[in-house]
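Below, read A as the first sequence line, B as the second, and so on, with proteins coming before strands; counting in each chain starts at 1. All values derive from a computational prediction rather than experimental measurement.
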Protein chains: 2
Amino acid sequence: MPKVSEQHRIDRRDEIVDAALRCFRRKGFQSTSMAEIISESGLSAGAIYGYFTSKSEIILAAATKIVTGWLRDLDHLSQLDPMPEPSEMVRGLVRGLLDSLRSPAAIVQVWGEAATDPALLELCAGIFDRLRDAIVLYLERWQQSEHGLSQPDAHRLSVIQAPLFLSAVQGFAVQDTLFADFDREAYLTTSLNQLPR
Amino acid sequence: MPKVSEQHRIDRRDEIVDAALRCFRRKGFQSTSMAEIISESGLSAGAIYGYFTSKSEIILAAATKIVTGWLRDLDHLSQLDPMPEPSEMVRGLVRGLLDSLRSPAAIVQVWGEAATDPALLELCAGIFDRLRDAIVLYLERWQQSEHGLSQPDAHRLSVIQAPLFLSAVQGFAVQDTLFADFDREAYLTTSLNQLPR
DNA sequence: GTCTATACCAGGATAGAC
DNA sequence: GTCTATCCTGGTATAGAC
């Protein structure tokens with residue numbers, strides 16, 4: 001299979017997914033029709049079905065892009081030097097979310113959809129596992145270096161704390177999506193500082 | 001309008017909404033067809049359209065039930081005596097959620113849908129406003145009685161802290177919905193204790 | 001008030017020309 | 001590889017009998 005053609009295929013799929021994402025943002029996954037995606041992409045029905053076999057395949061690709069985009073350098077989280085404070089760590093996660101999506105509404109839509117769609121559920125579960133593991137690892141190192149805890153103690157505490165840090169990120173997304181007058185900066189600066197250290 | 005007939009109307013609507021809720025939980029709002037709601041309710045199409053004019057009206061009624069059910073005695077939050085600790089307060093909110101819904105997945109579905117549906121957005125925004133106000137009021141009183149802050153200082157701090165407490169509730173719902181191995185009790189007992197006092 | 005049957009329409013997917 | 005035209009399913013809502 002020629003490399004150029006394969007690259008072309010990937011690019012085209014990506015174009016289509018981006019067009020679909022713009023539609024999904026406005027109308028949600030199920031209420032967006034193929035006709036809208038076709039029109040938004042500037043392509044034709046036949047062309048699109050050459051790259052995807054069904055609408056649900058497009059939904060899955062779009063959700064994957066939404067959910068994974070902001071996690072590029074997650075693995076470096078526990079290796080940063082100097083180590084950021086916990087609240088600073090959460091701030092970084094949220095900033096990544098904002099950089100990658102402009103508005104976190106898309107990710108809340110994915111979560112809602114995942115409640116009834118096994119493929120999306122698996123996708124989200126996988127992401128959350130990675131995210132939680134990374135947070136635990138970071139916290140573990142932080143507790144050791146900052147408070148001199150032994151490794152086992154640091155680990156125990158990290159496992160307890162991690163879900164709350166995860167909630168701080170998820171809560172940001174939910175409140176940003178649903179509060180008309182949500183104050184992003186206040187949340188990021190002052191509210192997050194209330195997290196444990 | 002006769003009282004009995006009016007009560008009958010309310011009861012029937014409620015029956016229909018409950019049937020719809022069971023369907024929505026399985027398939028989501030948009031992917032559930034009227035045929036499924038009709039079958040689940042045991043009624044007929046004609047009967048249902050006598051009580052609701054459209055599917056979206058049923059969705060709105062169902063979402064309203066999901067989103068408001070767990071907030072019955074929210075106003076008493078700041079008047080409890082003795083005052084619960086902040087973490088205990090959050091625990092109470094989450095327990096209310098679990099009592100009212102069994103699984104919080106439904107509420108995550110509503111949030112996702114609200115991202116693209118103005119009527120649901122307004123519904124959720126209203127609820128969150130009430131919830132945040134109640135939390136601020138509670139925290140304000142807690143900071144005064146527990147730490148002896150002046151009313152203005154207590155208010156300032158409460159406004160800063162409230163979004164994070166809200167996140168603790170929202171994060172519970174999201175993680176419970178999406179983590180296969182989410183440990184509810186660990187979150188409620190140990191994790192929540194990490195919240196500021 | 002409720003049921004059955006059905007009209008009507010929109011949506012996803014495809015066939016076949018270019 | 002891509003476009004147009006179209007098929008056909010399945011969905012919402014209603015009409016009319018009981």
(request) Specify the residue among B/Ala47 and A/Ser33 whose closest nucleotide of DNA chain C lies further upstream toward the 5′ end. (result) B/Ala47
(request) For A/Tyr51 and C/dT14, give me the distance from atom OH to atom C1', rounded to whole Å. (result) 17 Å
(request) Name the nucleic acid region contacted by B/Gly46, choosing base, sugar-phosphate or nothing; use a 4.0 angstrom heavy-atom cut-off, strictly under. (result) base
(request) Using a 4.0 Å heavy-atom cut-off across all strands, classify B/Phe52 as base, sugar-phosphate, or nothing. (result) nothing
(message) Let's see if you can work this out: which of C/dT4, D/dT2, C/dG1 has an atom nearest to the side-chain heavy atoms of A/His8?
(response) D/dT2
(request) Using whole Å, report how far CE of B/Met34 lies from P of D/dT14. (result) 11 Å
(message) Heavy atoms only, 4.0 Å cut-off, all strands: where does A/Ser56 land among base, sugar-phosphate and nothing?
(response) nothing
(message) Using whole Å, what does the distance between atom P of nucleotide D/dC3 and atom CD1 of A/Ile16 come to?
(response) 10 Å
(message) So for atom CD, which belongs to A/Glu122, do other residues, nucleotides or ligands contribute more than 12 heavy atoms lying within a distance under 6.0 Å?
(response) no
(request) Describe the nucleic acid contact of B/Ser54 in one word from base, sugar-phosphate, nothing, applying a heavy-atom distance below 4.0 Å. (result) sugar-phosphate
(request) Whole angstrom is fine here: how far is it from CD1 in B/Ile10 over to P in C/dG1? (result) 13 Å
(message) Students often mix this up, so state it plainly: with edges at 30° and 60°, are the rings of A/Phe24 and A/Phe29 parallel, tilted or perpendicular?
(response) tilted
(message) Please determine whether a side-chain nitrogen or oxygen atom of A/Tyr49 lies at a distance below 4.0 Å from atom OP1 or OP2 of C/dA13.
(response) yes
(message) Regarding B/Glu36 and B/Thr32, do their side chains bring together a donor and an acceptor under 3.5 Å, going by distance alone?
(response) no
(message) In whole Å, I'd like the distance from the CD atom of A/Glu36 to the P atom of C/dA10.
(response) 13 Å
(message) Can you see if the side chain of B/Arg12 gets near the phosphate of C/dT2 - specifically, an N or O under 4.0 Å from OP1 or OP2?
(response) yes
(request) Round to the nearest Å and state the distance from B/Ile38 atom CD1 to D/dG10 atom C1'. (result) 13 Å
(request) Would you kindly give the CD-to-C1' distance between B/Glu15 and C/dG1, to the nearest whole Å? (result) 14 Å
(request) With the side chain counted from C-beta on, respond yes when B/Arg25 and B/Arg22 share a heavy-atom pair under 4.5 Å apart, and no when they do not. (result) no
(request) Compare the minimum distances between each of D/dA13, C/dG12, D/dT2 and the side chain of A/Lys55, then state the nucleotide with the smallest one. (result) C/dG12
(message) Applying a 4.0 Å non-hydrogen cut-off, can you work out what B/Thr32 is touching in the nucleic acid: base, sugar-phosphate, or nothing?
(response) sugar-phosphate
(message) Just the rounded figure in Å: distance from P of C/dG12 to CD of A/Gln30.
(response) 9 Å
(message) Would you call the rings of B/His147 and B/Trp142 parallel, tilted or perpendicular, taking 30° and 60° as the class edges?
(response) perpendicular
